[in-house]
Amino acid sequence: MKLYPRILSLSLTVLLLLSLAACGRKPDIPDTASTAPESDAQGLVPSDPPAELPPEAVQTRFAALKGPTAMGLVHLMSMPGIGEHWTFTLAGSADEVTPALIKGDLDVACVPANLASVLYNKTEGGVVCLAVNTLGVLYIVENGDEIQSVADLAGKTIVSAGKGSTPEYGLRYLLSENGIDPDRDVTIDWKSEHSECVAALASGAATVAMLPQPFVTAAQNKLEHLRVALDLTAEWDALDNGSAMITGVAVARRAFVEEHPETVKCFLQYYAQSVDWVNANPAEAAELIAAYGIIESAAIAEQALPHCNIVCLTGQEMYEKLSGYLQVLSAAAPEAVGGELPRDDFFYGA
């Protein structure tokens, strides 16, 4: 299996040096003849940070959910020596991440878009949104050929993960806008992780599921007759409501942002470069994604990447897309955004 290239391309090295210079710290120039140990590459757990860090290299704790919100980070996570300063945790669900963020055990986390607003309200403004990292990735898949429109979901049982976050509220909104009462006209069987939904389809316990990429591709590789019945991003766009469907964002504790603005600036620069590299190098990125355990195989990750809508939108562009999305959710179900829309200070750099 081809692992991450031993020698970074010249363009990426230049970008890294420029961004480090902009962050005001001396770049750590890696030994170009070395790469991550193969034992680490199977799980790719970053090395423990040293007990003491130089003032310009602030120890930062990151977390992301397995799936598209983590896929864009893999180039950054694999940079030689990054574990000396920044550590990364990958989780199966948002429930594993949000308590740690609220308690201050994490500094930055990639979470569902609506959950970011809920956290802002729950912490009384203690959470800031840094970037939109994933646009719409949700699909209705079916073992069969009955569903041709949202209206055809009436009377069906849909297995899904993501209760209380973007998948639930996005689905409920789309059902309601298409004349279907999500509490009476359909049954939504909530699972704790997307992999459970795929297992239910594989066992025959379910025939219809709502899945995000890359789990759609993973399921189709296991189930020959599974088809994509509905692209929920396209269904959202068809409503022409002035907003875009958004899946994930990166948030940070406000106290951390205010105390370490240069670290936040560096992270966003690195993150944008990482996303660009992942989108431009799907084969190499897929190897890393599989090695980190984000997706079970590199082949599936490579197939799914073009459909994962991985981005790094910041500043005004983030504000325009995210605020419109949250407004639509709030109008449909205020609890989806934590009771009220976040104020402008929620949107970092906008």
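Listed by first and then second residue, the side chain to side chain donor-acceptor pair (under 3.5 Å) pairs involving residues 296-307 are Asn221-Gln303 (not counting sequence neighbours). Residue pairs meeting the salt bridge (charged side-chain N to carboxylate O under 4.0 Å, His left out) criterion with at least one partner in residues 331-350, sequence neighbours excluded, are Arg254-Asp345. Legend: ring pair (Phe, Tyr, Trp, His ring centres under 6.0 Å) pairs involving residues 143-176, not counting sequence neighbours, sorted by first then second residue: Tyr173-Trp236.
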* side chain to side chain donor-acceptor pair (under 3.5 Å) between Thr166 and Asn114: does it pass, once the steps are laid out? -> CA-CA 6 Å; Thr166 300; Asn114 78 294; 3.2 Å; yes

* Asked: So Asn241 and Ser243, side chain to side chain donor-acceptor pair (under 3.5 Å) or not? Walk me through it.
  -> CA-CA 6 Å; Asn241 58 20; Ser243 74; 2.8 Å; yes

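Residues Leu239 and Leu174 meet the side-chain proximity criterion, which asks for heavy atoms closer than 4.5 Å. At a threshold of 4.5 Å between non-hydrogen side-chain atoms, the residues Asn133 and Val275 do not count as touching. Annotation: side chain of Val257 is in contact with side chain of Leu130 (closest heavy-atom distance under 4.5 Å).
Interatomic distance, Gln59 CD to Thr263 OG1, rounded to the nearest 0.5 Å: 11.0 Å. Once rounded to the nearest 0.5 Å, the distance linking CZ of Phe267 with CG of Leu76 reads 7.0 Å. Atom CD1 of Ile310 and atom CD of Gln213 lie 10.5 Å apart (nearest 0.5 Å). Considering CD of Glu235 and CD of Glu177, their distance stands at 12.0 Å, rounded to 0.5 Å.
Scored by the salt bridge (Lys or Arg N to Asp or Glu O under 4.0 Å) test, Asp183 finds Arg172 as partners (sequence neighbours excluded). Residues forming a salt bridge (Lys or Arg N to Asp or Glu O under 4.0 Å) with Lys156 (at least two apart in sequence, or on another chain): Glu146.
Phe215 belongs to a hydrophobic cluster with Tyr139, Val141, Val198, Leu201, Leu211, Val216, Leu223, Leu226, Val228, counting contacts under 4.5 Å between side-chain heavy atoms of Ile, Leu, Val, Met, Phe, Trp and Tyr, direct or through other members.
Nearest heavy atom pair, residue Arg61 against residue Gly104, reads NH2-O, 2.8 Å.
By the rule that hydrophobic residues join a cluster once side-chain heavy atoms approach within less than 4.5 Å of another member, Val111 and Tyr271 end up as members of separate clusters.
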